[in-house]
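I have placed the structure first, in the form of structure tokens, so that the comments after it can refer back to it.
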Amino acid sequence: MRLYNTLTRGEEPFAPSADNTVRMYTCGLTVYARGHIGNFRTFVCLDVLRRTLKYLCGYRVRQVMNFTDVDDRTINGAQKAGMDLRAYTDQYIAAFREDMRALGLEEIEEMPRATDEPNLRAMANMVAALERNGHTYRSDGSIYFKISTMPGYGKLARLDHQGMKPGARVDSDNYAKEDARDFVLWKGPREGEPSWEFADAGVPAGRPGWHIECSAMALRLLGEAPIDVHAGGIDLVFPHHENEIAQSEGATGKPFSRFWVHVEYLIVDEQKMSKSLGNTYTIPDVVAKGFRPSAVRYLLLSAHYRKQLNFTWESLGSAEKALQRLTDCLARLDLVTAPGSHPNLAPQIARAREAFAAALRDDLNTAAALGAVFELVSAVNAAIDTGDVGLDDVAAIREAFDDVDRVLGVLSLRRVEDECPPVPVDEIERFIEERHAARRRRDFAAADRIRDDLAARGVLLEDSPTGTRWKRK
RNA sequence: GGCGCCGUCGCCAAGAGGUAAGGCAGAGGUCUGCAAAACCUCCACCCCCGGUUCAAAUCCGGGCGGCGCCUCCA
């Protein structure tokens with residue numbers, strides 16, 4: 001497939017470097033709060049990348065996504081809550097896993113947390129390697145990365161340091177640095193903060209800096225540099241990923257990652273959605289508003305991942321409707337009883353499949369891919385109306401939708417949601433029977449009352465010549 | 001101050017030199033006890049101004065507008 005690489009600022013043909021296996025690292029969540037749908041835009045898009053690589057390109061994927069469970073925010077949060085750091089971050093990791101499931105994210109091979117012993121040790125070893133290679137200095141008990149020792153520094157972010165606005169921002173790290181651009185690898189111990197020591201590696205008591213986590217865990221769990229893909233939100237380009245490159249390449253002497261993939265922001269009210277701005281929505285927030293996680297997933301896929309996406313409740317409502325059009329079409333297939341097949345449909349199915357795959361292989365163009373799916377929906381609906389569909393066609397259509405959804409992951413999610421409707425299924429069926437009897441005696445007022453009552457409880461009834469079907473609102 | 005992205009129908013959104021996909025909403029019709037679903041028909045010359053070209057929404061230049069990054073950030 002073709003994939004945009006932030007490193008080169010262009011699309012390039014992508015294939016894994018070895019073994020037919022894509023080794024991909026994803027910067028995950030800092031677990032000091034529940035992730036919001038802005039965070040999940042990144043994770044959903046990367047889930048579709050992962051699925052595209054697996055199901056459309058035929059590669060194996062080995063993915064690592066970390067939890068940052070030690071940094072200023074998690075430490076402060078734990079202190080405020082009067083909790084142990086580990087217990088404090090546990091809650092948000094559990095919440096993240098719940099949201100992952102709700103959004104239909106595939107299981108990821110490794111989801112390490114920074115404070116697991118083998119990871120801390122890997123970080124310490126990397127710090128030691130950087131010290132050996134002369135990329136560091138110590139000051140006030142902390143160890144820093146010295147940027148002037150890396151001539152290639154800045155190749156990812158391409159920042160022009162000459163033009164930087166002086167004093168645009170003040171470094172929030174209160175640690176003594178020789179140069180404002182240097183960054184901390186290992187923070188010296190402080191009162192009330194967790195601390196680890198790796199004397200055998202020559203690393204004194206303290207805690208890891210943010211950037212070293214990802215470098216160390218990526219190489220520990222994915223093997224030799226360069227890995228194939230390193231991905232995350234676009235806000236991580238600088239400084240996080242730039243610094244990861246400096247560390248990893250300073251320690252190993254090899255390129256860190258072949259491809260860098262960055263997902264654009266989800267914005268809301270024309271501003272980026274972020275916890276510090278207080279304009280975030282979580283999956284439970286969305287559910288409380290009466291929307292379904294599948295609609296969120298759909299909405300997040302309705303725009304290209306490298307374009308900002310402005311979230312509104314209105315667009316979430318549209319997403320809900322669009323998704324319903326897909327599931328309604330599939331439900332209509334149940335009404336087909338004619339055997340055999342009609343000659344028109346097969347080429348349309350083939351064309352849609354090709355367009356779908358081509359769109360995704362073209363730098364993950366999910367919006368265009370959805371367009372291809374809806375064109376098939378129109379063709380199928382029209383064929384059902386004219387009776388030009390046989391059971392063999394139905395099987396082929398279902399198979400096409402199954403394949404499409406292996407990548408989009410949105411129909412299967414709906415199906416899971418539909419398994420637990422707001423009204424118990426046996427109760428719905430009883431109402432349908434009652435309404436059926438009312439209609440037979442032409443008591444339409446009673447029939448309509450039953451339908452309205454169910455609608456108010458979130459269940460819609462649709463009559464057809466072959467019976468009544470229900471669906472969730 | 002430096003760098004980058006974006007501006008396509010009422011809303012969302014593909015398209016990136018060859019005459020505008022798709023979704024939502026809307027109008028009219030068919031079907032229905034009524035609905036719903038579905039179908040049919042209708043609904044855009046692409047922010048503005050110049051330029052290149054046989055041909056530009058797509059390329060170039062200049063405006064205007066929006067967003068982002070420049071060490072908390074998915």
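Predicted model only: the values in this text are computed from it and were never measured.
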Distance between the [atom1] atoms of [N] and [M], in whole angstroms?
N	M	atom1	answer
B:C45	B:A20	C1'	8 Å
B:A57	B:G17	C1'	10 Å
B:G26	B:C59	P	35 Å
B:G51	B:C42	C1'	38 Å
B:A44	B:C11	P	15 Å
B:G61	B:G28	C1'	47 Å
B:U58	B:C3	P	24 Å
B:G7	B:C46	P	14 Å

Determine the contact category for [X]: base if any of its heavy atoms lies under 4.0 Å from a base atom, sugar-phosphate if only primed atoms, P, OP1 or OP2 are that close, otherwise nothing.
X	answer
A:L461	base
A:G232	sugar-phosphate
A:R73	sugar-phosphate
A:L236	sugar-phosphate
A:R435	base
A:T26	nothing
A:L266	base

Using Watson-Crick or G-U wobble geometry with both distances under 3.5 Å, which nucleotide pairs with [N]?
N	answer
B:G4	B:C67
B:G33	none
B:C24	B:G10
B:U53	none

Where is the tightest heavy-atom contact between A:G409 and A:L413, given as atom of each residue plus distance?
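Taking every non-hydrogen atom into account, O-CB, 3.6 Å.
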Consider only side-chain N and O atoms of [X] and [Y], and report whether a donor and an acceptor are under 3.5 Å apart.
X	Y	result
A:R113	A:T89	yes
A:R414	A:T327	no
A:T468	A:D463	yes
A:T8	A:E12	yes

Using a heavy-atom distance cut-off of less than 4.0 Å, which residues of residues 99-108 of chain A contact RNA chain B?
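Within this stretch, nothing sits under 4.0 Å of the strand.
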Do A:R34 and A:F96 form a cation-pi contact, if we require the NZ or CZ to be under 6.0 Å from the six-membered ring centre and within 45 degrees of the ring's axis?
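No, A:R34 does not sit over the ring of A:F96.
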Given RNA chain B, 5'-ward residue of the pair A:F40 and A:L309, judged by closest heavy atom
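Upstream on the strand: A:L309.
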With nearest nucleotide decided by heavy atoms, which residue, A:F444 or A:S315, maps closer to the 5′ end of RNA chain B?
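The residue closer to the strand's 5' end, by nearest nucleotide, is A:S315.
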Could you state the atom-to-atom distance from [atom1] of [X] to [atom2] of [N] in whole Å?
X	N	atom1	atom2	value
A:R306	B:C67	CZ	P	22 Å
A:E242	B:C69	CD	C1'	13 Å
A:N310	B:G68	CG	C1'	13 Å
A:R332	B:U32	CZ	C1'	14 Å
A:R442	B:U32	CZ	P	13 Å
A:E264	B:C6	CD	C1'	9 Å
A:M273	B:C67	CE	C1'	15 Å
A:D388	B:A38	CG	C1'	15 Å

Would you call the rings of A:F374 and A:Y298 parallel, tilted or perpendicular, taking 30° and 60° as the class edges?
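Aromatic pair A:F374/A:Y298 classed perpendicular.
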For the residue pair A:Y153 and A:F238, categorise the inter-ring angle as parallel (less than 30°), tilted (30 to 60°) or perpendicular (more than 60°).
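It falls in the perpendicular class, over 60°.
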Name the closest nucleotide to the [X] side chain, picking from [options].
X	options	value
A:D385	B:A38, B:C72, B:U71	B:A38
A:N381	B:G68, B:G33, B:C39	B:C39
A:A382	B:C34, B:C72, B:C39	B:C39

Lys/Arg-Asp/Glu bridge criterion (N-O < 4.0 Å) met for A:R51, A:D47:
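Result for this pair is yes, salt bridge flagged.
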Is A:D334 salt-bridged to A:R398, going by a charged N under 4.0 Å from an acidic O?
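The answer is yes: the pair qualifies as a salt bridge.
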Ignoring hydrogens and angles, are the base of [N] and the side chain of [X] linked by a donor-acceptor pair under 3.5 Å?
X	N	answer
A:D235	B:G68	no
A:R451	B:C34	yes
A:D71	B:C72	no

Kindly say whether the aromatic ring centers of A:H36 and A:Y281 come within a distance under 6.0 Å.
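Here the rings of A:Y281 and A:H36 have centres that are no less than 6.0 Å from each other.
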Does the ring center of A:W260 lie less than 6.0 Å from the ring center of A:Y25?
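No.
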Base versus backbone protein contacts along nucleotides 14-27 of chain B [heavy-atom cut-off under 4.0 Å; B, S, -]:
SS-----BSSSS--
It should be established whether A:Y265 places a side-chain nitrogen or oxygen under 4.0 Å from OP1 or OP2 of nucleotide B:C5.
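For A:Y265, the contact criterion (side-chain N or O under 4.0 Å from OP1 or OP2 of B:C5) is not met.
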How far does CZ of A:R451 sit from CG of A:L454, to the nearest 0.5 angstrom?
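Between atom CZ of A:R451 and atom CG of A:L454 there are 10.5 Å.
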